[in-house]
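Below: one structure, written as structure tokens.
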Amino acid sequence: MKIIYTSDIHGNETQYKKLVNYAIDNPADIIIIGGDIAPKNMPMHEFIEKQREFLKNRLPELLSPLKNTGVYLMLGNDDCMVNSDTLENTIHEKRVKLNSE
């Protein structure tokens, strides 16, 4: 099984495009983005809503070329956990629990 792993993209669309291009050129079974997926450089009063907008509108479009590859994402310490429902509703078709059992 081939896995591509990255993290700390922080909403940088150039980095998302590089990831997608790499995954197209180097096909993998799954791609894992391990946290810090949404932008963080904005005024605090806009932080939650801007991250929500990114997760709902931009992220699906950025990852759309990978529709035939399993993409697993998790929120990180710079992502607002209050937006986890937005991530699950727009990106994830199901929740996967990883454990040692």
Side-chain angles (χ1 to χ4, degrees):
M1 174 181 282
K2 183 173 181 182
I3 299 171
I4 296 173
Y5 177 88
T6 190
S7 66
D8 299 286
I9 298 178
H10 294 289
N12 184 317
E13 293 193 20
T14 300
Q15 294 303 319
Y16 275 105
K17 290 173 185 174
K18 286 181 181 180
L19 170 63
V20 167
N21 289 334
Y22 180 84
I24 289 169
D25 292 341
N26 302 278
D29 299 299
I30 63 171
I31 298 168
I32 300 171
I33 305 175
D36 294 340
I37 59 178
K40 68 174 187 173
N41 295 325
M42 63 198 74
M44 188 55 75
H45 68 279
E46 297 178 349
F47 196 70
I48 292 172
E49 188 56 37
K50 292 289 185 181
Q51 284 198 351
R52 184 182 313 270
E53 288 175 19
F54 177 81
L55 295 173
K56 185 176 181 181
N57 301 317
R58 291 300 300 143
L59 189 57
E61 182 179 331
L62 291 165
L63 298 177
S64 66
L66 302 175
K67 61 183 172 232
N68 296 323
T69 306
V71 178
Y72 298 88
L73 303 120
M74 64 184 79
L75 296 176
N77 65 313
D78 285 329
D79 299 319
C80 296
M81 290 305 203
V82 71
N83 290 327
S84 63
D85 62 332
T86 301
L87 178 64
E88 291 175 16
N89 292 330
T90 57
I91 299 294
H92 290 171
E93 294 179 12
K94 63 182 178 178
R95 180 179 291 196
V96 177
K97 183 176 181 181
L98 302 176
N99 61 30
S100 59
E101 295 177 13

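Starting from 1, each residue takes its place in the sequence as its number. Just so you know, these numbers use all the heavy atoms, side chains as well, and skip hydrogens, waters and symmetry mates.
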### Task
Of all the heavy-atom pairs spanning A38 and L55, show the shortest one and how long it is.
CB-CD2, 4.4 Å
### Query
CG/L59 to OG1/T86 distance, rounded to the nearest 0.5 angstrom?
11.5 Å
### Query
Are I33 and I24 grouped together when hydrophobic residues (ILVMFWY) are joined by side-chain heavy atoms under 4.5 angstrom apart?
yes
### Residue among I3, L63, I4 satisfying side chain to side chain contact (heavy atoms under 4.5 Å, CB included) with I31
I4
### Query
Below 4.5 Å, heavy atoms only, C-beta onward: do L19 and L62 meet side chain to side chain?
no
## Note on the structure
In short, salt bridge (charged side-chain N to carboxylate O under 4.0 Å, His left out) pairs touching residues 31-51 with sequence neighbours left out are K40-D78, E49-R52
### Task
Look at the side-chain heavy atoms of Ile, Leu, Val, Met, Phe, Trp and Tyr, link any pair under 4.5 Å apart, and say whether M81 and I37 land in one connected group.
yes
### Task
Work out which heavy atom in D79 is nearest to a heavy atom in G76; give both atom names and the distance.
OD2-N, 2.8 Å
### Task
Check whether M1 and I32 end up in the same hydrophobic cluster, where Ile, Leu, Val, Met, Phe, Trp and Tyr are linked by side-chain heavy atoms less than 4.5 Å apart.
yes
### Query
About how many Å separate CD1 of I48 and SG of C80, when rounded to the nearest 0.5 Å?
5.0 Å
### Task
Give, for atom OH of Y16 and atom CG of N21, the distance between the pair rounded to the nearest 0.5 Å.
15.0 Å
### Message
Do F54 and N83 make a side-chain contact, defined as non-hydrogen atoms from C-beta onward lying under 4.5 Å apart?
### Response
no
### Query
Do K2 and N26 come within less than 4.5 Å of each other through their side chains, counting heavy atoms only?
yes
### Interatomic distance, L87 atom CG to Q51 atom CD [nearest 0.5 angstrom]
11.0 Å
Let me check something: any side-chain donor-acceptor pairs from residues 5-13 under 3.5 Å, sequence neighbours excluded? List them with distances.
{"unit_1": "N12", "atom_1": "OD1", "unit_2": "T14", "atom_2": "N", "d": "3.0"}
{"unit_1": "N12", "atom_1": "OD1", "unit_2": "Q15", "atom_2": "N", "d": "3.1"}
{"unit_1": "E13", "atom_1": "OE1", "unit_2": "R58", "atom_2": "NE", "d": "3.4"}
{"unit_1": "E13", "atom_1": "OE1", "unit_2": "R58", "atom_2": "NH2", "d": "2.6"}
{"unit_1": "E13", "atom_1": "OE2", "unit_2": "R58", "atom_2": "NE", "d": "2.9"}

### Query
Quick one: do L73 and Y22 end up in the same hydrophobic cluster if we chain Ile, Leu, Val, Met, Phe, Trp and Tyr together by side-chain heavy atoms under 4.5 Å apart?
yes
